[in-house]
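In what follows, a structure is listed as structure tokens, so that the remarks can point back to it.
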Amino acid sequence: MIAAVKFDWSVFFDHILPPDGVTRDALYLTLGISVVAQFFGVLFGLISALMQMSKFRILRFMSGAYVWFFRGTPVIVQIFFTYYGANLFLGYDLFPRTAHFPFFSVSGAVLAGAVALAVNEGAYMSEIVRAGIGAVDSGQMEAAKTVGMRRGLAMRRIVLPQAARVIMPPLGNEFNNMLKTTSLLAFISVRELFQDAEIRISSTFKYPEYLAGVAVLYLLLTTLWGFAQKAIERKFSESDRDATMQTRGWAKRNLGRLIGGH
Amino acid sequence: MTGELIVDAVDVHKSFGRVEVLKGVTLKVAPREVVCIIGASGSGKTTFLRTLNALESIDLGQITVNGHRVGFQQDKNGKFVRASEKSLAAVRSEIGFVFQRFNLWPHLTALENIIEAPTRIRGQSRDEAVATAEELLKRVKLSDKRDVYPGKLSGGQQQRVAIARSLAMKPALMLFDEPTSALDPETIGEVLDVMKELAVGGMTMVCVTHEMGFAREVSDRVVMMDGGVILEEGTPEHFFTNPTHERTKQFLSKIL
């Protein structure tokens, strides 16, 4: 005999769609951690990519080791190491119980989780940024040199705004991934969406309802982001300035403006 | 003597890997002089031009441009040491360079391309730089393209903006690397016209070019490079009526 699965729609509609107060907090936490981790991931990736192109061997080595390690180990292991590692190996806690910032406070677990995700993301962004910079025609840097620009200025004003066009589409995918990867922070007791569902399941045994519910909420986030991505694309392709653009591919035409600021 | 020359390149050698592309090139260019370098591809003419503003380093020899030892700077004791990036940039800012492929910055408008270096490097105010840029755009007859992105310009128009971009730094010397080779035939003339006007205006110019008409009409001196050395140099009359070397005759007969 197979028992018919009872799906309690009232649970679904009372707590998930629309989310109740607690789930809404979890949703915001998921979104917040994703945005912060992605932001710093891009920053770390940029730094790592620039180090990779340095004339100093030690910087290239450090960047290479960083990418190698964080792409070569599971992010869940990195999350555990970040949160518990200092205590396990050195006997003290790296993250406080509560971390205070100027306008808000978060638990140490949230901070540790965001740090771990950002550092992991940086390793992937490093490769993406490097490819983006590599896609900019070398004549662009040369032209900057001939008018007397130094490398740093030329990178900032000439190369990076064009590389941004190439970087943006994969960056969008990375953020989509990030939204979902934050669910791993459930393992260090961060009450983001997935942990929220688990807690409710363990107290109500409404397994299918909350499991389906959490999936719907993630879908909601990634779908909205998908629309945002498309809107950005459309906006940029409206005034297509490309005819003899000196980089390759779709993004060159559209996304430089976003970061180039012109 | 050096002080009076804009370019004083002596015995310049350069290898890429095992291939020696420059085998001792010596060239002196006086102020207001226009020198055209011609020669077959692979003769080393573009490489030589690029050594003049250190886009290529040299293995041997000495290059002085506008009083600066290119690629070197003097330390506290007056000894020449390899130039820092900063001093290289300073020397380059006095030398205009026009590329075969324009290399305009596609994310900036024509005007923005021109004011970028003056505002960022010379520290000019935006107003001042814009005023100069507008004047330059007028000179290259592109005032109406002020706010247009390079992607919307024809090759000839892009090249004229590129020339204006170089001129905005008020260079003591302009280097041209086959400036019309990537252009449609019908736009070559407009670029050459701009170059002619520059020459008439007294700009010191070194042009690597295949435009024999331009070389004949505008240059003070034509230099023929072959196999990494200067084979022959002289006035355009000498060159186009009575070249000395068999190799030069061959080359000219093929190209004219």
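Proteins come first, then strands; the chains are lettered A, B, ... in the order of their sequence lines, and each starts at number 1.
- No more than 12 heavy-atom neighbours from other residues, nucleotides or ligands sit within 6.0 angstrom of CZ on F194(A).
- When each of L88(B), I121(B), T109(B) is checked for heavy-atom pairs under 4.5 Å with chain A, I121(B) comes out on top.
- Within 6.0 Å of atom CZ in R139(B), 12 or fewer heavy atoms from other residues, nucleotides or ligands are found, so the atom counts as exposed in its surroundings.
- A salt bridge links R50(B) to E142(A): at least one charged side-chain nitrogen sits closer than 4.0 Å to a carboxylate oxygen.
- Between the side chain of Q162(A) and the backbone N or O of P106(B) there is no donor-acceptor pair closer than 3.5 Å.
- The environment of CZ in F16(B) is crowded: more than 12 heavy-atom neighbours from other residues, nucleotides or ligands sit within 6.0 Å.
- Rounded to the nearest 0.5 angstrom, I158(A) CD1 and N113(B) CG are separated by 7.5 Å.
- Heavy-atom neighbours of Y218(A) OH from other residues, nucleotides or ligands within 6.0 Å: above the threshold of 12.
- The stretch residues 52-59 of chain B places N53(B), L55(B) near chain A, each with some heavy atom under 4.5 Å from a heavy atom of that chain.
- Residues satisfying the ring-ring contact (aromatic ring centres under 6.0 Å, His included) criterion with F104(A), sequence neighbours excluded, are F101(A).
- Identified by a heavy-atom distance below 4.5 Å to chain A, contributing residues of residues 170-194 of chain B are lacking entirely.
- The two residues V147(A) and R165(B) have their closest heavy-atom pair at CG1-CG, 4.3 Å.
- Remark: R60(A) CZ is packed, more than 12 non-hydrogen atoms of other residues, nucleotides or ligands lying under 6.0 Å away.
- Counted within 6.0 Å of CZ on F80(B), heavy atoms from surrounding residues, nucleotides or ligands total more than 12; the atom is thus considered enclosed.
- Contact of L153(A) with chain B is made through the side chain alone, with heavy-atom distances under 4.5 Å.
- The residues E116(B) and R157(A) are annotated as salt-bridged, a charged nitrogen and a carboxylate oxygen being separated by less than 4.0 angstrom.
- In this structure, R150(A) places its CZ atom where more than 12 heavy-atom neighbours from other residues, nucleotides or ligands lie under 6.0 Å away.
- Heavy-atom proximity under 4.5 angstrom to chain A picks out R92(B), S93(B), I95(B), F97(B), F99(B) from residues 90-99 of chain B.
- Between the N103(B) side chain and the Q140(A) main chain, no donor and acceptor come within less than 3.5 Å of each other.
- When the shell of 6.0 Å around CE of M141(A) is examined, it contains more than 12 heavy atoms from other residues, nucleotides or ligands.
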